[in-house]
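Here is how names work: the chains are called A, B, and so on, in the same order as the sequence lines, proteins then strands, and each is numbered from 1.
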Protein chains: 2
Amino acid sequence: MSRERPTIEDVARAAGVSRATASRVINNAPGASEPLRARVSAAVADLRYQPNESARALASGRPRTIDVVAVTYNQGIGWLGTHPYFSRVLAGILPVVEGFGAQVRLQLGDSDPVEHAIDEIADHAGLGVVLADITPALAARLHRRCRRTVSLVRTAPSVPGMEADNVGGAVAAVTHLYERGRRRIAAIHGPATNPCAIDRRTGHRRAIRTLGLPDLSADGGFDREGGYRAARDLLDRHPDLDAMFVACDLTAAGAVQAITATGRRVPDDVSIVGFDDSIAAVCANPPLTTMRLPVEDMAAAATRLLLAGDPPPGHRQHFPVTLVVRAST
Amino acid sequence: MSRERPTIEDVARAAGVSRATASRVINNAPGASEPLRARVSAAVADLRYQPNESARALASGRPRTIDVVAVTYNQGIGWLGTHPYFSRVLAGILPVVEGFGAQVRLQLGDSDPVEHAIDEIADHAGLGVVLADITPALAARLHRRCRRTVSLVRTAPSVPGMEADNVGGAVAAVTHLYERGRRRIAAIHGPATNPCAIDRRTGHRRAIRTLGLPDLSADGGFDREGGYRAARDLLDRHPDLDAMFVACDLTAAGAVQAITATGRRVPDDVSIVGFDDSIAAVCANPPLTTMRLPVEDMAAAATRLLLAGDPPPGHRQHFPVTLVVRAST
DNA sequence: CTGAAAGCGCTAACAC
DNA sequence: GTGTTAGCGCTTTCAG
């Protein structure tokens, strides 16, 4: 057997048609009769033909890839290896793209300044770009240069986006704690500039206002260390608190460690609700009650949207955030 | 300003040279005088020229990408989203590739049968393929069709590989427990077919033999649930055990939960050492003493090797596995 | 509905 | 050293 991969030329010859016709049926584009379609398909199967993606990309002016962009915002590349979010995004995207016969490309977007990285990604985009976690301003910039873009977090009005009910989730979390009889409920919030964190903060504020609870808040970022520190601090300032709402499971895992370190028990003395339902929630001890963010579903939906054609500007798709009860409450 | 991206033709014209010369300096290949190099470089900067990767790929017969392959072995795509390993691999690879001006492509390799997926990846490979976690047999198959391949786990003799000292790590872990005064040391092993797990098993056996310890083993897979189950089981069968060596942090996190659930304290009653030093280790409560696998370093080294040219068959690079002491011992 | 032919932007032989 | 030229394998007008 020949070592060379067959080209579309070979397929056309084998099927006794022109390259154009072969191309049409391979891309199942209109304009080919049933009999010819059958012959071409047979030839494809026979020769085990697989299109050369590079040639396709050049000819059509666009690689058949979905670009996933992760902006690091100077947090260093480390966060990618430690934060459970990104791999869930990939887990959602990969099967969809694979099923479509396209490919996944990873873009870092951390060169300095970020704007250049974003512009370059936009100019080279393939079938579409998925924004894993990006500021509205940057998303808008990218979307201006490349329409086929979807954000997985709340974003600028023009940019198509998958939106989870972070506000509602935070309300539900605090309410759950309240219903468990807790009244001294503290909160550990995420980064002040992160859209998800902002919404969870909003939800928290709304809930304590509604329930008539005091505002016992601290900032913890979205990492474990921040959670540990914030929890220690909170416990120092309010030794009588009996619950914590934490805006991220990773942070919550740190908070649990801090609570335990002060000799308190979870959930008996302090109960705690996290957010995300990531691997961190189930690794914590006790495992965390948390608000499930359907990251995989959102990423998969974003990908499908992109694969289906140009998403209309401002398109929105909404996702619920649901309570998952474990041992920490 | 024109919306069209400049081509190499534009650069050549602006610099007053031929396309070939422009190409040479852009790829900084030999065969261009200093003065011309300068003129071309100026034109590149001036026009903000960026090569069209699709055209490059087609002309040179190979896309400028590093392909990262994750084989799921029917575990479903979920593991990718929950197991901390894969994202550490990416965190190691991305900066290196980015610095080189190449791209990262993700390959799933889970179609049925796996062999086809592997063959297809080999036939379409770009600058090189990084095998995140693959059986020796599959790695060998891929390497046969594509020389520029590196495995991150112990693999077939012919396949270039990055090898961490898993055996030594396991020995060190058990020894650490022994030095802490523990004598009833149980072990929770990983999947019987996983090369890393096998080596850690070997190390464990070697250590208990050397130290004259009984073999108290159970199988836990590489996930949290398995760790929980195995630990409960072990505790049932050997209520007097005073330590556990667990072949994966995720599994160890589950084991800690199980130990706690039986009313025992970590590390007072049972101390525990994990393996990997992943995010799971620091999310556990208490945080886990563990054997650090330098995944990011290994992935980065593999990438550099690939980017430097075809790695010689059988090439090996060794990495230490070091003890990180935290609160679980 | 089908085929012929013109590139897509670049690399790499090959001449000069 | 430098330029000319022939493709890489495919998509996509444009005729027929």
Is a donor on one side and an acceptor on the other found under 3.5 Å between the side chain of [X] and the backbone of [Y]?
{"X": "B/Thr21", "Y": "B/Val17", "value": "no"}
{"X": "B/Asn27", "Y": "B/Arg24", "value": "no"}
{"X": "B/Arg144", "Y": "B/Ala139", "value": "no"}

- Looking at every strand, decide which applies to A/Ser23 at a 4.0 Å heavy-atom threshold: base, sugar-phosphate, or nothing.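 Base: the residue A/Ser23, judged by heavy atoms under 4.0 Å, touches a nucleobase.
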
- Check every strand shown and say whether A/Gly61 touches a base, only sugar-phosphate, or nothing at a heavy-atom separation below 4.0 Å.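 Counting heavy atoms under 4.0 Å across all strands, no contact is made by A/Gly61.
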
- Message: Less than 4.0 angstrom from a charged side-chain N to a carboxylate O is my criterion; do B/Arg141 and B/Glu115 meet it?
- Response: no

- State plainly whether the residues B/Arg105 and B/Asp67 are in salt-bridge range, i.e. N to O under 4.0 Å. yes

Specify the separation, in whole Å, of atom [atom1] of [X] and atom [atom2] of [N].
{"X": "A/Ile8", "N": "D/dT11", "atom1": "CD1", "atom2": "P", "result": "5 Å"}
{"X": "A/Ile26", "N": "D/dG9", "atom1": "CD1", "atom2": "P", "result": "14 Å"}
{"X": "B/Glu53", "N": "C/dT11", "atom1": "CD", "atom2": "C1'", "result": "13 Å"}
{"X": "A/Gln50", "N": "D/dC10", "atom1": "CD", "atom2": "P", "result": "11 Å"}

Closest contact, heavy atoms only, [X] versus [Y]:
{"X": "B/Leu307", "Y": "B/Val97", "value": "CD2-CA, 4.5 Å"}
{"X": "B/Tyr49", "Y": "B/Ile8", "value": "CE1-N, 3.5 Å"}
{"X": "A/Pro160", "Y": "A/Thr155", "value": "O-CG2, 4.4 Å"}

- Item | Which residues share a side chain to side chain contact (heavy atoms under 4.5 Å, CB included) with B/Pro195, sequence neighbours left out | B/Pro136, B/Val153, B/Arg154

- Task: Please tell me which of the listed nucleotides, C/dC10, C/dC1, D/dG9, lies nearest to the side chain of B/Leu58?
- Result: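 Minimum distance to the B/Leu58 side chain belongs to D/dG9.
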
- Message: OP1 or OP2 of D/dC8 versus the side-chain N and O atoms of A/Asn52: is any pair under 4.0 Å?
- Response: no

Look for any protein N or O under 3.5 Å of an N or O in nucleotides 3-5 of chain C and output each such pair with its distance, or none.
residue: C/dG3; atom: OP2; partner: A/Ser18; partner atom: N; Å: 3.1
residue: C/dG3; atom: OP2; partner: A/Ser18; partner atom: OG; Å: 3.3
residue: C/dG3; atom: OP2; partner: A/Thr21; partner atom: OG1; Å: 2.8
residue: C/dG3; atom: O6; partner: A/Arg24; partner atom: NH2; Å: 2.5

- Closest nucleotide of DNA chain D for A/Ser54 versus for B/Ala32: which of these residues is on the 5' side? B/Ala32

- Rounded to 10 degrees, the angle between the two terminal axes of the helix from C/dC1-D/dG16 to C/dC16-D/dG1, each from five pairs: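 End-to-end axis angle for the helix from C/dC1-D/dG16 to C/dC16-D/dG1: 30°, rounded to 10°.
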
